[in-house]
J.: 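Mind looking over this structure? Questions follow.
Worth knowing before you read on, the calculation uses all heavy atoms, side chains too, and leaves out hydrogens, waters and symmetry mates. One-based numbering, in listed order, for ligands and for the atoms of each.
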Amino acid sequence: MSSVIQVVPLTSNVGARIEGVDLHADVDADDIEQIRRALWHYSVLVFAGQRLDAGEHSRLTSFFGSLAPLEIFTFLGNSNPGLAIDPRKGGTVSSDGKSGRPVGFEKPPAVKASADALHPVSEFAGWHTDSSFTRRLPQAAALRAEVIPPVGGDTTFSSLCAAYEALSPTMQGWLQGIQALHVVPPGYKNAIKIWQYGEDAEARFDAEYQPREHPVVIEHPETGRKALFVNPGYTHRIVGMTDRESASMLRFLYDHITQPEFVYRHHWSEPGDVVVWDELVCLHRAPNDFRPHERRLVRLTAGQVAPNPPTRQSTMIG
Ligand code: SIN
């Protein structure tokens, strides 16, 4: 029997809390469909205090597509869709303050690769879309809090649909048809501990992940909503512009997409919260403001989706 699910908006542009569903029990197809539609509409869903175990976390994530790791991990030969996000087990990420790119990962001691283990990674302090330099992104990601710090450690999400929709028609029209180049930033290979994947892993990775063009305006496959698709983590330049023009345009777009109006900030008030987001149309970031405390989240990803340009008139689901 279906539960009475309530979808409670958290801001006017992004995020909703899902109430009235017990994720420890079987969730029927109608409820799953309602939850999926809520994700495509609100871009971020919060399931508060559910205290899911690993299996229940996987089941929830699979509502949004088949469990699958980021494309880079599949390419490197690791099929585990889970990431343990725990700064004690990885390097550190900082921003150079100019380009906003992640730089300066410290090389942590080598750890033995295990296809069964979660990949431990450092925290992600800058706004990004996960590995947008790849062909396809996960459709959705689900974070489960295991250890939350007494201060800081929130995760923030920004709606790229709301950001697009707030632009003037002139700017929207101008950006359509423009491409941007997405690249692997300095320090990325250390952050994923590429040496774990074999002696030839770095050469294979470099050959595969050359700079990749994606449209600056994309269309969500489920809703038809348009979204801006650039991020300070991996977007290198706008194609067909001079360096100065591209840098100015990206500065404007980054400033625009991270305005507080488009942002939901999730405070992990109790271990057991689960937050799901739509990877294609949300930036996310985890400010590095909780040290020296412990923070451990587990992230699962599901589905695969390519950032495609608009093919139809923008429509929104109700
Ligand atoms: C990430 O998935 O990029 C990290 C999110 C977090 O640590 O809160």
Side-chain angles (χ1 to χ4, degrees), residues 10 14-15 39 43-48 52 57 60-61 64 67-73 80-95 100-103 105 118-134 137-160 182 184-185 187-188 190-193 231-235 257-258 263-291 293-303:
L10 291 164
V14 56
L39 182 65
S43 302
V44 179
L45 300 182
V46 175
F47 300 85
L52 302 185
H57 184 190
L60 169 65
T61 312
F64 310 98
L67 293 187
L70 298 185
E71 187 192 296
I72 50 157
F73 290 121
N80 196 308
L83 270 174
I85 297 170
D86 184 342
R88 294 164 309 158
K89 300 219 174 100
T92 55
V93 186
S94 60
S95 167
R101 287 182 194 296
V103 293
F105 290 87
L118 295 170
H119 324 281
V121 296
S122 59
E123 72 269 44
F124 298 84
W127 284 109
H128 63 285
T129 295
D130 286 317
S131 56
S132 66
F133 53 83
T134 56
L137 314 178
Q139 186 98 55
L143 274 176
R144 171 168 58 95
E146 286 191 342
V147 178
I148 53 173
V151 296
D154 297 353
T155 309
T156 50
F157 302 91
S158 162
S159 165
L160 297 168
H182 296 243
V184 179
Y188 188 88
N190 274 352
I192 61 167
K193 303 182 174 72
N231 70 86
Y234 306 119
T235 309
I257 60 187
T258 58
V263 171
Y264 167 67
R265 181 172 187 129
H266 185 71
H267 178 60
W268 300 94
S269 54
E270 52 175 326
D273 283 2
V274 181
V275 176
V276 181
W277 75 97
D278 185 332
E279 281 266 14
L280 188 63
V281 294
C282 267
L283 295 185
H284 59 285
R285 123 180 242 186
N288 187 355
D289 60 358
F290 56 89
R291 291 176 182 280
H293 303 288
E294 205 179 320
R295 177 182 191 267
R296 183 182 162 92
L297 304 182
V298 176
R299 188 181 83 193
L300 290 176
T301 40

J.: Answer yes or no: does an N/O atom from Thr155 fall short of 3.5 Å to an N/O atom of ligand 1?
T.: yes

J.: Atom CG in Asp130, atom CG in Leu70: separation rounded to 0.5 Å?
T.: 5.5 Å

J.: Using a 4.0 Å heavy-atom cut-off, say whether His284 meets ligand 1 through its side chain, its backbone, both or neither.
T.: side chain

J.: Give the atoms of ligand 1, by number and element, whose distance to some non-hydrogen atom of Ala286 is under 4.0 Å.
T.: 6 (C), 7 (O), 8 (O)

J.: A side-chain contact here means heavy atoms from C-beta on lying under 4.5 Å apart; do Ile257 and Leu160 qualify?
T.: yes

J.: Could you check which of Arg295, Glu279, Arg296 puts a non-hydrogen atom nearest to atom 6 (C) of ligand 1?
T.: Arg295

J.: Below 3.5 angstrom, do we get any N/O pair linking Trp268 and ligand 1?
T.: no

J.: Check whether any N or O atom of His128, backbone or side chain, sits under 3.5 Å from an N or O atom of ligand 1, and answer yes or no.
T.: yes

J.: Ligand 1 versus Leu297, non-hydrogen atoms closer than 4.0 Å: side chain, backbone, both, neither?
T.: side chain

J.: Are the ring centres of His284 and Trp277 closer than 6.0 Å?
T.: yes

J.: Taking side-chain contact (heavy atoms from CB on, under 4.5 Å) as the criterion, tell me which of Ile85, Asn288, Ile148 meets it with Arg295.
T.: Ile85

J.: For Arg285 and ligand 1, answer yes if some heavy atom of the residue is under 4.0 Å from a ligand atom, otherwise no.
T.: no

J.: In terms of ring plane angle, is the pair Tyr264 and His266 parallel, tilted or perpendicular, where the classes change at 30° and 60°?
T.: tilted

J.: Nearest heavy-atom pair of Glu279 and Ala140: which atoms, and what distance?
T.: CG-C, 4.0 Å

